[in-house]
Number of protein chains: 2
Amino acid sequence: MLKKERQAYILHQVNLHNKVLSSSLSQEINVSEDTIRRDLQELADEGKVIKVHGGALSHSFSQVYYHPTHNIYSHEQKKTIAQKAAALIQDGMFVLTTGGTTILEMARTLSPHLRATFISGSIPAVLEYMNHPNIDVILIGDRVSKNSKITVGGEAIAKIKQIRADLCFMGMNAIDIQHGITDNDWDIVQLKKAMIESSQKVVCLTIAEKINTLQPIHICNVSDIDILITELPPDDPLLKPYRDAGIEIL
Amino acid sequence: MLKKERQAYILHQVNLHNKVLSSSLSQEINVSEDTIRRDLQELADEGKVIKVHGGALSHSFSQVYYHPTHNIYSHEQKKTIAQKAAALIQDGMFVLTTGGTTILEMARTLSPHLRATFISGSIPAVLEYMNHPNIDVILIGDRVSKNSKITVGGEAIAKIKQIRADLCFMGMNAIDIQHGITDNDWDIVQLKKAMIESSQKVVCLTIAEKINTLQPIHICNVSDIDILITELPPDDPLLKPYRDAGIEIL
DNA sequence: CAGCTTACTGCGTTTTTATGCAGGATTTTC
DNA sequence: GAAAATCCTGCATAAAAACGCAGTAAGCTG
C-alpha cells in the first residue's frame, strides 16, 4: 500500500468516525504504529486532522470552540463569495445545496424577500434557511454523517435524483483544471455527483486557496460545472484556465 | 476514549446542563474521579469551565441569573422525565422520536456508552443525537415545518412506515383518559400516527400539567400507548386512571 | 545497467504522557 | 465540631511518542 493511499484511507476514517486510534489503524493496514504516527503527524501538519495522544481527531471536533482567528480571516472572503452567489437566485427557483461554511455564509446573505425553495441534506444549512421568512425548506433524509453534519447514503441520493432543480450550489474542497473537482469523502462525493445530475446549472463556490488543488476522489470534470465563484475578481489570472475552459466566472 | 474526546464530552455536558459532578462524570465515562478532576482543571485553566468543589459550572452560570423561575422549574421536571425515559433504551435498539423540549432533554441525558440508532425528523433532536459518540442518527426528510422545526409531509410519513422501531418516544401536548392523545397541528398528528404504527412499544413523555387536557385533533386512544412517563411518582393518584387502563407508568 | 541518492518503513531504546491509587489535607454538611 | 465527601500530592505503571539507526525499496543518472 502506498503512502498517499494509506493517508487517504486514514483521512477517510477520521472523517467517517471523527476519531481514529493509532493502534487499530496499524492493525487494519498492517504497518507499524510508527508509520501511522508519522502519517498522522503529516496530516496534522497539513491541518487535516488533529493529532492527540493515542490517535487523531477530526477537525470538526474542536471546530465549534476553536478557530476564531482563521475563521475570521477567510470569513471576509466567504462573504464576498456569498454575495455573488446569492445574486443568482431568483424568486420561484428550486435550489439544491451542499453543506460547508461557504454555503452557510450564502444562506445568511439571502434577502428576506426572496421566495424560493431550498433543498439540502446539510443540517447547519437547513437551520439557516429556516430563519428566512419566505423560503420553503426541503430536508433530504438519510443517515447523518457526524463530522460533515449532512445526510448521506442511498436514500439521500435516490431522493436527489428525483429532483429537477434550477440551481445547485456546491461548496468544494479542491478544483484543478486537469483533474476537475475532487474531494476526500466517498459518501459526499456520491451526493455531489447526484446533485450535479439533478440540476440545470451547477455553481461552484470556493475560496481561491483551493484553486488548483487535489483530493483523492473524483467528482466531476471542470466542463461539468457552469459557474465558478471565488472571492477574486473574474479577470484574475489564476482563473484564466477555467474561463478558457468555458466556465462562467463571477 | 481519548483524552481530548473525553474533555470535549465534559465540555458539552457542562454547556448543556450548566453543571457537572465529578462523581457522575466518572461513572458515565468509566474513568477515575482523579482523571475527571484533572480534566476539569485543564478546562478551567483554559477558561472553558469554572471548577468548583465536587464538579464544574458553565461560564454562563457565573453571570447574573437570567433564567426565569418557571423555566428552571419545569426544566427540573423534564430532567426527571428524561432520566426515566433514557433508562428504557438498550444497546442495539432502533428508537423513533418526535421533537419537543422533553425529548431534547432526554437526548441530553443519554449515556455516552449507549450504542443505538435514533430516527427522527426533528432538527433540534437530531443535533443532540449527533453529539453522542456511539449513536447512529437517521434523519427523516421532507418539507421542514418552520415553527416546530420538524420535517412533515407524505414523504416523511412514507419513510416512517417503512421502519420497524423497537421504541417510540413521543412528546405530547395533551392526554385525557376519554379522548386519548390529542394535538393541535394536523401535519404533526399524521407523523405521530405513523410513528405509533411503526413501533413495537410506544412511550409517551409529558409533564403532569398536561395530564387530563384536550387539544382539537385526535392522535390515538390511551390504549394504544404502552408506557407513560411523567415527573410524578408512578403511584400518584392523578395517574391512577391510566394505570387502571393498563398502561405502564414510570 | 551499475552506482548513487533518496524516501520509506520497522525496530530497539529512551522519554514523555496518561491514568489510577494511596495517604493525608481540606472543604462541606448536618 | 464531627463525619463524609472531595481535594491534592507524590508515586507506580502502562501506554504512547520520539529518536536514532539500519535495511530495503524506489528512483535517478551517467
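Atom set for the values below is all heavy atoms of this structure, side chains included, hydrogens, waters and symmetry mates excluded. Just so you know, these numbers come straight off a predicted model, no measurement behind them. Lettering follows sequence order; numbering is per chain, from 1.
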_What contact category does A:S23 fall into here, base, sugar-phosphate, or nothing, at under 4.0 angstrom with non-hydrogen atoms?_
nothing
*Assign each of B:R38 and B:E33 to its nearest nucleotide of DNA chain D by heavy atoms, then name whichever residue's nucleotide is nearer the 5' end.*
B:E33
*Mark yes when over 12 heavy atoms from residues, nucleotides or ligands other than B:K201 sit less than 6.0 Å from its NZ; otherwise mark no.*
no
*Would A:R6 and A:D39 pass as an ion pair if we require N to O under 4.0 Å?*
yes
*Whole angstrom value for the distance that separates P of D:dC7 from NE2 of B:H53*: 5 Å
*In whole angstrom, give the distance that lies between atom CD of A:Q27 and atom C1' of C:dG10.*
16 Å
*asked:* Side-chain N or O of B:S22 versus OP1/OP2 of D:dT6: is the shortest distance under 4.0 Å?
replied: no
_d(NZ, B:K3; P, D:dA17) in whole Å_ = 13 Å
*Looking at the side chain of A:D34, which of D:dC19, C:dT9, C:dA18 is the nearest nucleotide?*
D:dC19
*Write down the distance between CG (B:L40) and C1' (D:dT6), rounded to a whole number of angstrom.*
12 Å
*What is the distance from CD of A:Q41 to P of C:dC8, rounded to the nearest Å?*
15 Å
*With side chains defined as the heavy atoms from C-beta onward, is the minimum distance between B:V31 and B:I36 less than 4.5 Å?*
yes
*How long is the line joining CZ of A:R37 and P of C:dC8, in whole Å?*
18 Å
*Quick check: does any side chain N or O of B:T97 sit under 3.5 Å from a backbone N or O of B:F169, one acting as donor and the other as acceptor?*
no
_Length of the CD1-P vector between B:I36 and C:dA18, whole Å_ = 15 Å
_Looking at A:R6, I'd like to know whether one of its side-chain N or O atoms comes within less than 4.0 Å of OP1 or OP2 on C:dT9._
yes
_Gap between atoms NZ and P, on A:K51 and C:dA18 respectively (whole Å)_ = 11 Å
